[in-house]
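As structure tokens, the structure follows; a few thoughts come after it.
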2 protein chains.
Amino acid sequence: MRTGTGAGMPQRGAVGAEERIRAAAVRLWSERGFHGVGIRELAEEAGLSSATLYHYMGTKEDLLADVMSRGLRRLVLAAERVTQQRAGAGPRMNALVQLHVLTHALRPRETRVVDGELRALSGDRRGGVMSLRDEYERYWRATIDEGRASGAFRVEAPGMARLALLEMCTGVARWYDPGGPMALSEVALGHAQLASRVLGAEELELVDEVDWCRGLVGEIWSGPGGG
Amino acid sequence: MRTGTGAGMPQRGAVGAEERIRAAAVRLWSERGFHGVGIRELAEEAGLSSATLYHYMGTKEDLLADVMSRGLRRLVLAAERVTQQRAGAGPRMNALVQLHVLTHALRPRETRVVDGELRALSGDRRGGVMSLRDEYERYWRATIDEGRASGAFRVEAPGMARLALLEMCTGVARWYDPGGPMALSEVALGHAQLASRVLGAEELELVDEVDWCRGLVGEIWSGPGGG
DNA sequence: GCGGTCCGATCGATCGATCGATAGAGTCAC
DNA sequence: GTGACTCTATCGATCGATCGATCGGACCGC
């Protein structure tokens with residue numbers, strides 16, 4: 001009853017099974033949530049039996065922690081690149097925002113799981129994922145602080161502005177529709193402009209980082225542990 | 001074995017059982033999600049047996065739709081009041097933002113369920129809740145349009161700005177901590193200022209609507225179907 | 001024949017939902 | 001007033017289905 005085993009193939013899923021499982025989990029969890037999808041449906045989506053699933057993963061929660069950590073590590077990696085390759089608070093913030101928006105628009109399923117399923121994690125795993133999230137947000141915090149110190153940003157409550165901006169940009173994954181009326185670059189540049197307004201940096205020249213960020217997202221998300 | 005039936009009481013839960021059930025559902029669902037809490041735990045939290053639960057409600061999903069619709073109807077009611085009692089796009093938007101932020105900060109559990117469990121609803125129920133959400137957002141859309149038409153707001157993509165602002169303000173329910181360093185009125189006024197920046201209305205005088213909105217929220221959320 | 005892959009069968013637990021039964025308060029005929 | 005009857009509120013027990021997870025063994029390339 002299986003479909004692809006025959007004819008000299010190296011064995012159906014020997015390579016990439018873990019990846020297929022993670023991809024299936026992201027597809028289903030992003031639509032209905034961690035507790036809304038059972039092991040059997042997960043297995044079916046990945047093209048395996050539920051027993052085989054457990055050959056590759058630990059518990060269901062282990063799989064979620066894995067998916068979330070991988071997603072967050074990629075975000076951190078991308079933010080690190082931005083920080084290395086863009087100097088000055090203004091250009092750096094501009095690139096961070098466009099990167100965040102593009103990531104959430106291009107990979108809405110991954111980011112929805114990363115942003116929304118923390119509550120399904122218990123104890124230590126929760127803490128580990130939260131510290132990864134904090135590590136990512138540190139790039140935003142540092143850039144905002146830098147801009148305030150240099151006078152490039154004029155904002156009274158930087159902590160609140162950071163949270164507000166992150167919520168605003170993360171929300172893109174909840175409403176952006178590739179088939180809709182708004183082009184991706186409009187959304188990314190538009191949010192960069194809104195961010196500059198929020199931070200009181202309207203004189204900032206808004207460089208279009210869409211293509212560069214798109215390349216970065218593509219590179220990082222097809223890289224090690226890719227997909 | 002029951003506890004409160006004697007001594008002239010009108011019977012333990014005869015009044016308010018539905019309300020107790022909804023409150024229990026909000027408490028548990030806001031922490032672990034609709035699919036993360038079973039009927040038995042729900043019943044225990046409400047102080048009833050799972051069988052008795054079904055005397056008051058339809059299915060579990062009916063209860064969710066009820067909770068969500070009630071929350072959204074309150075939001076709509078509050079937005080309608082704001083629109084009636086504040087004239088001009090600037091003051092109106094200022095009040096709408098402060099109302100939204102206060103509602104999400106004062107009733108984070110209700111709003112988290114309303115904002116985050118739509119995916120657990122199927123078919124018609126989903127549509128009904130979505131149209132209530134659209135009805136609420138229409139107040140924001142109309143106010144932004146009005147401000148653009150009058151020249152009070154200078155924003156290029158009003159649709160995107162509306163979505164960005166809503167995400168930003170809704171996010172308050174995800175991070176605001178009453179015991180934290182930020183006072184509620186700082187958060188509300190701060191978001192009003194960020195909104196005025198986003199909308200390009202920096203010359204707008206930011207009236208403090210915190211007390212008025214707090215009263216409105218208290219009135220509406222303790223009113224019919226209260227809690 | 002060994003190690004890596006894979007699955008059918010099955011585990012105990014829990015899921016959402018329903019059953020029949022009971023306790024008590026109100027109603028009404030007589 | 002009192003017995004028969006109804007209505008609401010409540011529960012213990014239980015339904016069939018599904019949950020997450022495990023086990024033993026089959027298959028297959030090396």
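The chains referred to below are lettered A, B, ... by the order of the sequence lines, with proteins before strands, and numbering in each begins at 1.
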Handout entry: d(NE2, His55(A); C1', dT5(C)) in whole Å
Key = 5 Å
Exercise for the section: Name all pairs fulfilling the salt bridge (charged side-chain N to carboxylate O under 4.0 Å, His left out) condition that reach into residues 24-50 of chain B, sequence neighbours left out, sorted by first residue then second. Expected result: Arg27(B)-Glu45(B), Glu31(B)-Arg112(B), Arg32(B)-Glu41(B)
Fill in the blank from the handout: Sequence neighbours excluded, the answer for ring pair (Phe, Tyr, Trp, His ring centres under 6.0 Å) partners of His191(B) is none
Practice task
Please check the phosphate of dT5(C) (OP1 and OP2 only) for any side-chain N or O of Thr52(A) closer than 4.0 Å.
Solution key: no
Practice task
With sequence neighbours excluded, tell me which residues meet salt bridge (charged side-chain N to carboxylate O under 4.0 Å, His left out) with Arg162(B).
Solution key: Glu137(B)
Practice task
Report the residues that fulfil side chain to side chain donor-acceptor pair (under 3.5 Å) with Asp62(A), sequence neighbours left out, ordered by chain and then residue number.
Solution key: Thr59(A), Arg125(A)
Practice task
Check side chain to side chain donor-acceptor pair (under 3.5 Å) between Ser69(B) and all other residues, then give those that pass, not counting sequence neighbours.
Solution key: none
For nucleotides 14-18 of chain C, print each protein N/O atom paired with a nucleotide N/O atom at under 3.5 Å, atom names and distance only.
from	atom 1	to	atom 2	distance (Å)
dG16(C)	OP1	Lys60(B)	NZ	2.5
dG16(C)	OP2	Ile39(B)	N	2.5
dG16(C)	N7	Arg40(B)	NH1	3.0
dG16(C)	N7	Arg40(B)	NH2	3.4
dG16(C)	O6	Arg40(B)	NH2	2.6
dA17(C)	OP2	Tyr54(B)	OH	2.6
dA17(C)	OP2	Lys60(B)	N	3.0
dA17(C)	O5'	Tyr54(B)	OH	3.3

